[in-house]
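Please read the structure below before turning to the comments.
The shown structure was predicted, so the numbers you read here are calculated from the model rather than taken from an experiment.
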Amino acid sequence: MLDSDGLVQQWNPAAQRLTGVSPEDATGKPPPFPLPEPGAKLTYRLPNGRWMDLLCTGLAGREEQVLDFRDITAAKELEEAKDLFLATTSHELRTPITVVQGFASTLATRWDKLPDADRRSAVQTIADRAGSLARLVEQLLLGSRAGADQLSVTNGQFDLAGVLRGATVAFRPLAGRHTLLTDVPDGLPAAHGDPMATDIIVGQLLENAFKYSPDGGTVTVGARQAGTWIEVTVTDEGIGIPAADRERVFDRFVQGEAGDRRRFGGIGLGLYIVRQLARAQGGEVAAEGRPSPDGQEQGGTIMRLRLRPAGPDQAAAAPGAAPMVTASPATASPASTVAGDTLVSQQLPRPRPAVEPPPAG
């Protein structure tokens, strides 16, 4: 409630929670935000980051005004996320589409004039760019499912060491200036989870390691048993992630400011999908700085994935871990529902490297 001079007369608990201003600090003073014209609505962002819709209404026969304000932060963030999604996606789609159109037009208008080697090169470029578009669509679909809590995995015992070695073999020809190493012990226990989901996770972490160490260096895929977990690490010697951003990078549409964007595009969904897939397996993933021998951080990043080892206690989730989505082979079909989650083993795309080989020569 405001008086005739626009000063606060009454300030309720909801106003205090929203603005962080107590009744004692607010009473007798102007509100801590601009006032809209009577009957008009004003959208305003508070210093604490909250967004509000403000509406000021005069009382009939009185000089006081009622000020109504509502927290629209969630709606505003969704609107901004949609705008960012459209801008980022259109940017990532534009390059491969432009390349495909250009080469296709050249082939259509100059087919008879081009030597066979040039025609084959153009067709290969079109195929490569079409593959990039397909991978982008796959990532969009996974991101959409993750946002709607519809990522489906089929958890069970699997050979984690084999998945890690296979991912390393698949990515080694694509490493460019990087040296890709594997540090996986022969006696690594089998893990409990989904091998295809884990392969997608490791592939995305490798792609990020290459992308954010544009000057090359060593990228290492490692694994070890750590207490009741199996820890998988992907370590690079790149530009690293600032400490303040190591949690934020797992949000949707968040990307680093630097990196090799010519070879590695992206729409900021990769690590978001990685975390959702990890949690669907009862695991977790986190980003850390790469320490030096003296304990200080040096350039580079460690991405740490934690999964449960297979065994009698595999259904017991660790404190703080997301509930596991599990399926019994005897009872779960490709469309079974277990603990509220639909298990569709064919919903995850076949794992494959998400980067193009570096140019020859």
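Asp53 has no carboxylate O lying under 4.0 Å from a charged side-chain N of Arg70, or vice versa, which leaves the two without a salt bridge. With respect to Asp251 and Arg248, no salt bridge is recorded, no charged nitrogen being found less than 4.0 Å from a carboxylate O. The pair Glu284-Arg304 does not count as a salt bridge, with every side-chain nitrogen at least 4.0 angstrom from each carboxylate oxygen.
Counting heavy atoms from C-beta on, the side chains of Leu55 and Pro36 never come closer than 4.5 Å. Looking at heavy atoms from C-beta onward, Val274 lies in side-chain contact with Leu205 at the 4.5 angstrom threshold. Counting heavy atoms from C-beta on, the side chains of Ile126 and Leu107 come closer than 4.5 Å. With a 4.5 Å cut-off on side-chain heavy atoms, Leu42 and Pro34 count as touching. Using a 4.5 Å heavy-atom cutoff, the side chains of His192 and Pro309 are not in contact. Looking at Arg17 and Pro13, their side chains come closer than 4.5 Å, going by heavy atoms from C-beta outward. Contact check for Leu307 versus Leu305: side-chain heavy atoms found under the 4.5 Å cut-off. At least one side-chain heavy atom of Phe250 sits less than 4.5 Å from a side-chain heavy atom of Val285.
Arg165 is linked by a salt bridge (Lys or Arg N to Asp or Glu O under 4.0 Å) to Asp186, counting only residues two or more places apart in sequence or in another chain. Partners of Ala226 under the side-chain contact (heavy atoms from CB on, under 4.5 Å) rule, at least two apart in sequence or in another chain, are Arg224, Glu231.
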Between Arg275 and Leu271, does a side-chain contact (heavy atoms from CB on, under 4.5 Å) hold up when you go through it step by step?
CA-CA 6 Å; Arg275 172 161 282 181; Leu271 290 180; over 6 Å; no

Do Arg45 and Arg50 pass the side-chain contact (heavy atoms from CB on, under 4.5 Å) test, and can you show the C-alpha distance, the side-chain angles, and the key distance before you say yes or no?
CA-CA 6 Å; Arg45 187 176 187 268; Arg50 290 179 178 269; over 6 Å; no

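When Thr233, Asp183, Leu180, Asp236 are each tested for a side chain to side chain contact (heavy atoms under 4.5 Å, CB included) with Thr220, only one passes: Asp183.
A distance of 9.0 Å separates OG1 of Thr154 from CE of Met196, quoted to the nearest 0.5 Å. We find the CZ-CD distance between Arg290 and Glu237 to be 4.5 Å, quoted to the nearest 0.5 Å.
Clustering of Ile, Leu, Val, Met, Phe, Trp and Tyr side chains at separations under 4.5 Å places Trp51 together with Ile72.
No donor-acceptor pair closer than 3.5 Å links the side chain of Asp194 to the backbone N or O of Phe158. Here the side chain of Thr109 pairs a donor or acceptor atom with the backbone of Ser105 at under 3.5 angstrom. When atom types are taken as modelled, the side chain of Asp71 and the backbone of Met52 share no donor-acceptor pair closer than 3.5 angstrom.
Residues Val219 and His178 approach most closely at CG2-CD2, 4.0 Å, considering heavy atoms. Here the shortest heavy-atom pairing between Leu206 and Val234 reads CD2-CG1, 4.1 Å. The shortest non-hydrogen separation linking Val153 to Leu277 is CG1-CD2, 4.2 Å. When all heavy atoms are compared, the tightest approach of Val100 to Ala130 is CG2-N, 4.4 Å. Considering all non-hydrogen atoms of both residues, Thr73 and Gly49 come closest at CG2-O, 4.4 Å. Taking each heavy atom of Leu188 and Ala223 in turn, the nearest pair found is CD2-CB, 3.8 Å.
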Donor-acceptor pairs under 3.5 Å, side chain of residues 18-32 to any protein atom, not counting sequence neighbours: which ones?
residue : atom : partner : partner atom : Å
Thr19   : OG1  : Ala15   : O            : 2.7
Thr19   : OG1  : Val21   : N            : 3.2
Ser22   : OG   : Glu24   : OE1          : 3.4
Ser22   : OG   : Asp25   : N            : 3.3
Ser22   : OG   : Asp25   : OD2          : 3.1
Thr27   : OG1  : Pro23   : O            : 2.7
Lys29   : NZ   : Asp25   : O            : 3.4

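Applying the ring pair (Phe, Tyr, Trp, His ring centres under 6.0 Å) rule to pairs touching residues 101-129 yields nothing, sequence neighbours excluded. Pairs engaging residues 106-117 under the salt bridge (Lys or Arg N to Asp or Glu O under 4.0 Å) rule: Asp116-Arg119, Asp116-Arg120 [sequence neighbours left out].
Hydrophobic cluster membership is shared by Leu164 and Phe171, with clusters built from Ile, Leu, Val, Met, Phe, Trp and Tyr side chains linked at under 4.5 angstrom. Tyr272 is connected to Ile241 through a chain of hydrophobic side-chain contacts under 4.5 Å among Ile, Leu, Val, Met, Phe, Trp and Tyr, so both are in one cluster. Cluster annotation: Leu160 is not connected to Ile302 through the hydrophobic network of ILVMFWY side chains, with a link wherever side-chain heavy atoms come within less than 4.5 Å.
Between Asn12 and Gln16, the side chains place no donor N or O within less than 3.5 Å of an acceptor N or O (distance only, hydrogens not considered). Remark: the Thr198 side chain and the Gln281 side chain contain an N/O donor-acceptor pair separated by less than 3.5 Å. Side-chain contact, Thr228 with Arg308: a donor N or O sits under 3.5 Å from an acceptor N or O.
Between Phe33 and Phe69, the ring center distance clears the sub-6.0 Å criterion.
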